[in-house]
**Q** 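Dropping a structure here in structure tokens format, bear with me for questions.
Counting starts at 1 for both ligands and their atoms, following the listed order. The residues of the chain are indexed from 1 along the displayed sequence.
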Amino acid sequence: MRVISSVTEMQSISMNLKRSDHSVGFVPTMGYLHEGHEQLLDAARANHDVVILSIFVNPLQFGAGEDLDHYPRDEARDRQIAKAHGVDYVFLPSERTMYPTPPILDIQVVRRTDALCGKSRPGHFAGVVTVLAKLFNICQPDGAYFGMKDAQQVAVVTGFVEDLNFPIEIVAVETVREADGLAKSSRNANLTKQERLEAPAIQQALKIGRDAFMNGETSVEAIKQKVKTFIEGETHGKIDYVELRSYPELEEIALIEDHVILAVAVQFKKARLIDNVVFDHTGTVVKG
Ligand code: PAF
């Protein structure tokens with residue numbers, strides 16, 4: 001496994017890989033790797049000749065008041081995990097390397113971001129696609145791997161790659177869960193003992209919402225209300241949102257006719273947890 005910090009070196013390696021017909025799987029991360037990332041690395045490893053992992057805490061996707069300086073970092077551990085999961089190259093640039101001069105472009109994401117986390121984090125997805133445009137050009141992957149826990153990111157990145165005709169397949173990997181159904185996240189460590197006991201109610205509430213639809217409930221509002229009522233009854237968390245929208249367009253819907261996402265964010269004392277399920281007009285889970 002090689003660790004590369006220079007853009008030109010990484011780009012020349014990836015161009016050579018392309019010329020020699022190697023297929024490249026790419027897992028972009030901000031480091032502090034957890035089991036969700038490991039799942040992405042394993043999926044990339046299974047599908048490609050070469051796996052590139054990038055670790056870069058991207059300042060452009062943090063808003064004012066979001067704690068960029070305290071974003072957790074553990075490079076030594078990340079390297080160990082990368083090695084154990086068969087990564088060939090770790091691209092680990094500095095902020096200066098990635099943004100040597102102020103960008104002359106200001107990319108805006110005008111769809112798929114007015115709800116869910118995009119609503120409470122204005123500018124976040126513009127920062128995400130800006131850094132991904134650079135990383136895709138530097139690493140030249142055939143496939144890029146993202147977790148479905150952040151389904152809105154998958155929807156935005158998929159649209160962005162289609163809009164700009166990047167020759168890259170966006171691969172959405174299912175959410176990794178604890179035995180009790182709680183979606184794995186580094187934020188779970190910030191739950192109190194009592195909150196940790198309550199948190200699986202989030203996935204149970206999503207199931208209750210989907211079951212209601214499968215049992216004949218057609219009102220989007222009624223389904224959302226069932227999810228809210230369950231979470232409010234089972235946890236001390238404060239609901240940030242419960243949304244039922246089309247997927248991946250993330251538009252408001254009156255009826256469930258095609259793929260939809262039921263998505264939830266709940267704020268506990270020191271941890272904001274998100275989870276979702278994507279299903280189709282028969283209620284069959286597509287991803288989640
Ligand atoms: O999901 C993340 O960790 C980040 O948004 C990403 C895709 C690495 C871009 O900085």
Side-chain angles (χ1 to χ4, degrees), residues 4-5 7 10 24-41 43-44 51-63 66-75 77-78 81-82 85 87 89-99 103 105 107 109 112-113 116-118 120-141 143-161 164 166 168-176 183-188 248 263 265 272-276 287:
I4 316 273
S5 57
V7 167
M10 188 71 249
V24 173
F26 177 50
V27 181
T29 77
M30 300 207 296
Y32 211 67
L33 304 181
H34 54 69
E35 279 169 79
H37 296 118
E38 292 176 37
Q39 195 95 340
L40 303 182
L41 292 172
V51 175
I52 303 178
L53 162 74
S54 70
I55 298 177
F56 178 63
V57 181
N58 172 35
L60 289 193
Q61 67 190 76
F62 288 78
E66 293 180 354
D67 221 348
L68 169 64
D69 294 341
H70 295 108
Y71 195 85
R73 296 167 204 246
D74 191 344
E75 247 175 64
R77 192 172 158 274
D78 286 350
I81 292 175
H85 288 266
V87 168
Y89 298 95
V90 180
F91 179 51
L92 214 155
S94 68
E95 190 177 325
R96 223 181 135 168
T97 310
M98 285 298 275
Y99 301 115
L105 287 180
I107 300 176
V109 184
R112 306 186 178 183
T113 52
L116 281 64
C117 296
S120 48
R121 301 185 74 187
H124 168 71
F125 286 111
V128 170
V129 298
T130 302
V131 78
L132 286 177
K134 291 168 77 73
L135 290 169
F136 287 167
N137 282 327
I138 295 164
C139 300
Q140 314 235 339
Y145 289 72
F146 295 86
M148 266 310 276
K149 188 158 91 64
D150 197 343
Q152 187 169 26
Q153 175 163 273
V154 173
V156 169
V157 174
T158 305
F160 152 76
V161 162
L164 296 186
F166 278 99
I168 299 171
E169 183 192 0
I170 299 303
V171 184
V173 176
E174 282 192 20
T175 303
V176 188
K184 291 209 184 200
S185 162
S186 32
R187 296 196 169 95
N188 295 349
R272 181 174 174 280
L273 303 189
I274 58 170
D275 203 352
N276 68 78
K287 291 260 183 216

**Q** Look at ligand 1 and say whether Val131 reaches it with a heavy atom at a distance under 4.0 Å.
**A** yes
**Q** Decide if the gap between the ring center of Phe91 and the ring center of Phe56 is smaller than 6.0 angstrom.
**A**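 Not under 6.0 Å, so no.
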**Q** Regarding atom 8 (C) of ligand 1: of the candidates Gly147, Pro28, Gly36, which has the closest heavy atom?
**A**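 Nearest heavy atom to atom 8 (C) of ligand 1 lies in Pro28.
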**Q** In terms of residue, atom name and distance, what is the protein heavy atom nearest to atom 3 (O) of ligand 1?
**A**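 The answer is Met30 CG, 3.7 Å.
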**Q** Per the side-chain contact (heavy atoms from CB on, under 4.5 Å) rule, which among Val176, Val27, Thr29 passes with Leu40?
**A**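 Answer to the side-chain contact (heavy atoms from CB on, under 4.5 Å) test with Leu40 among Val176, Val27, Thr29: Val27.
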**Q** Which of the numbered atoms in ligand 1 are below 4.0 angstrom from a heavy atom of Gln153?
**A** 1 (O), 2 (C), 4 (C), 5 (O), 7 (C)
**Q** Please determine if Asn58 has a nitrogen or oxygen closer than 3.5 Å to a nitrogen or oxygen of ligand 1.
**A**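 N/O-N/O distance below 3.5 Å does not exist for this pair.
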**Q** Should the pair Phe166 and Phe160 be assigned to parallel (<30°), tilted (30 to 60°) or perpendicular (>60°) ring geometry?
**A** tilted
**Q** Under 4.0 Å from any heavy atom of Thr29, which atoms of ligand 1 are there?
**A** 8 (C)
**Q** Atoms of ligand 1 less than 4.0 Å from Gln61 heavy atoms?
**A**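 That gives atoms 4 (C), 5 (O), 9 (C), 10 (O) of ligand 1.
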**Q** List in chain and number order the residues that pass side chain to side chain donor-acceptor pair (under 3.5 Å) with Asp78, two or more places apart in sequence or in another chain; answer none if no residue qualifies.
**A**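 In terms of side chain to side chain donor-acceptor pair (under 3.5 Å), with neighbours along the sequence ignored, Asp78 is linked to no residue.
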**Q** If you draw a 6.0 Å radius around CZ in Arg187, do more than 12 non-hydrogen atoms from other residues or ligands fall strictly inside?
**A** no
**Q** Can you confirm whether Arg77 is buried at CZ, in the sense that more than 12 heavy atoms of other residues, nucleotides or ligands lie under 6.0 Å from that atom?
**A**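 Incorrect, the count does not exceed 12.
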